[in-house]
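Values below: every heavy atom of this structure, side chains too, minus hydrogens, waters and symmetry copies. Just so we're on the same page: letters track the sequence lines, and every chain starts at 1.
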Amino acid sequence: PSTFQFLLKASAKSKSLTQTTQLHSKTTKLGFDSHIFLQNALLNCYCMSRQLNVARLLFDEMAQRDAVTFNTLVHGYAELGDMFAASQIFSQIPAPNVICWTTMVVGFSDRGDVSAARRFFDAMPDRDVASWNAMISSYVQNQQPMQALHLFRHVQAANFKPNSVTIACALSACASIGALDTGKWIHGFLSKNDFRLDPVLGTALIDMYSKCGGVEWALDVFRKLHEKNSSTWNAMINGLAMNGHGKQALDLFDKMKGCGNVRPDEVTLVGVLLACSHGGFIEEGRKHFYFTAKEYNISLLVQHYTCVVDLLARHGLLNEAEEIIRNMPIQPD
RNA sequence: GUUUCGCAAUAGCUG
């Protein structure tokens, strides 16, 4: 059974329906139907490969169901954006646990329905840190940063221990409204409480300082940070670029290329092009748009076209900009 | 079965 558990986990990750179907028939043949954790894993596989009709059949046939069974199916529907079906299953659960409630909050939030998310959040019999994070994140994701910070203050007031996810969300909210004082306060809070400065928190701090007009503090965090991933570099490159330090941003991009363990990605290229645009580096911008993208296997998205068109048009090269728009292989927006 | 389920940071233009 543990072998199957392992295989099913891999199958869920790869979202391969054929593999799932094979594993399904094998578990049945071997008489593992009574192992509820294997049935749940199978259910999850069908959900991950977006076969909710098959998942539903399996669910209906299952001899026994536990909390994970219900949660897996609710999550499956929520992931597809079918909150109607998710609600239907949810309402059949005798006593949904905190995970299931949180799944509903996230599901509504991902559909952009913050008020429904909030209704479920308020109705929860008990909440843990992930539930609070889900609701705070919901406000951040749906551009209601003030509400996010308001809820974050509730976490503080209730003497509830935030974790690094809570902090990252709150910093993101500060960044989007330029709340430097609150951002600094949070920075102090996480230092005082011995939060480990991992790449996620580091990135959130760099982004917050950059967007609140404190690019020097952002650089300070960046330099002191031990672990950096590509998002960390991206946040710093973008931070420099949007604060008018185009040259420094491009220098940092060179360092990023040289450091080895991070790959420049789509977000990096946006920052690099932005830096060129703000610094007036036209030739360098062309170079990055045409060659850097190829070199690092970065797919050119509409954002990249916007940046390069902006770069050219801003410097009077209207014909070239128009030519690029005409020859775009993707739909211009 | 040290798990089968929930929460996370970085992106352009119009501005």
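Residue contacts for A/Val68: at a heavy-atom cut-off of 4.0 Å it reaches a base atom on one of the strands shown. Residue A/Ser131 is classed as a base contact, given a heavy-atom separation below 4.0 Å to a base.
Between A/Gln5 and the phosphate of B/G1, there is no side-chain N or O to OP1/OP2 separation shorter than 4.0 Å. Within the structure, a side-chain polar atom (N or O) of A/Gln141 is placed less than 4.0 Å from OP1 or OP2 of B/A9. Checking the phosphate oxygens (OP1, OP2) of B/A11, a side-chain nitrogen or oxygen of A/Lys211 falls inside 4.0 Å. A/Arg314 has a side-chain polar atom (N or O) that falls below the 4.0 Å cut-off from OP1 or OP2 of B/U14. Distances shown here put a side-chain N or O of A/Ser137 below 4.0 Å from the OP1 or OP2 atom of B/A8. Phosphate contact (OP1/OP2 of B/C7, side-chain N/O of A/Thr166, threshold under 4.0 Å): absent.
Between the side chain of A/Asn163 and the base of B/A8 there is no donor-acceptor pair of N/O atoms closer than 3.5 Å. Side chain A/Ser231 to base B/U10: a donor-acceptor pair is found below 3.5 Å. One donor-acceptor pair, N or O on each side, does fall under 3.5 Å between the base of B/G6 and the side chain of A/Asp128.
Cation-pi geometry between A/Arg263 and A/Tyr296 is not met: the NZ or CZ atom fails to fall both under 6.0 Å from the ring centre and inside 45° of the normal.
The listed nucleotides are B/C5, B/G6, B/A9; the one nearest the side chain of A/Thr102 is B/G6. The side chain of A/Asn133 lies closest to B/C7, out of B/G1, B/A8, B/C7. Distance from the side chain of A/His278 is smallest for B/C13 among the nucleotides B/C7, B/C13, B/A11.
Atom C1' of nucleotide B/G6 and atom CE of A/Met124 are separated by 9 Å, given to the nearest angstrom. Atoms CG (A/Leu205) and C1' (B/A8) sit 14 Å apart, rounded to a whole Å. Following rounding to the nearest Å, A/Asp310 (CG) and B/A11 (P) show an atom-to-atom distance of 17 Å. Atom NE2 of A/His35 is separated from atom C1' of B/G1 by 10 Å (rounded to the nearest Å). Following rounding to the nearest Å, A/Glu79 (CD) and B/C7 (C1') show an atom-to-atom distance of 13 Å. Per the geometry, CG belonging to A/Leu225 stands 12 Å off C1' belonging to B/A9, to the nearest Å. To the nearest angstrom, C1' of B/C7 lies 14 Å from CD1 of A/Ile167. Note: CG (A/Leu7) to C1' (B/U3) measures 17 Å, nearest angstrom.
A salt bridge is absent between A/Lys287 and A/Glu283; no separation between the charged side-chain nitrogens and carboxylate oxygens falls under 4.0 Å.
Comparing the P positions of B/C5 and B/G1 gives a spacing of 16 Å, expressed to the nearest Å. Taking the C1' atom of each, B/C7 and B/A11 are spaced 23 Å apart, rounded to whole Å.
Contact record, A/Cys174 with A/Met208: CB-CG, 3.9 Å, taken as the closest heavy-atom pair.
Two rings, from A/Phe121 and A/Trp101, have their centers 6.0 Å or more apart.
At most 12 non-hydrogen atoms from other residues, nucleotides or ligands lie less than 6.0 angstrom from CZ of A/Arg111.
Between the A/Ser172 side chain and the A/Ala168 main chain, no donor and acceptor come within less than 3.5 Å of each other.
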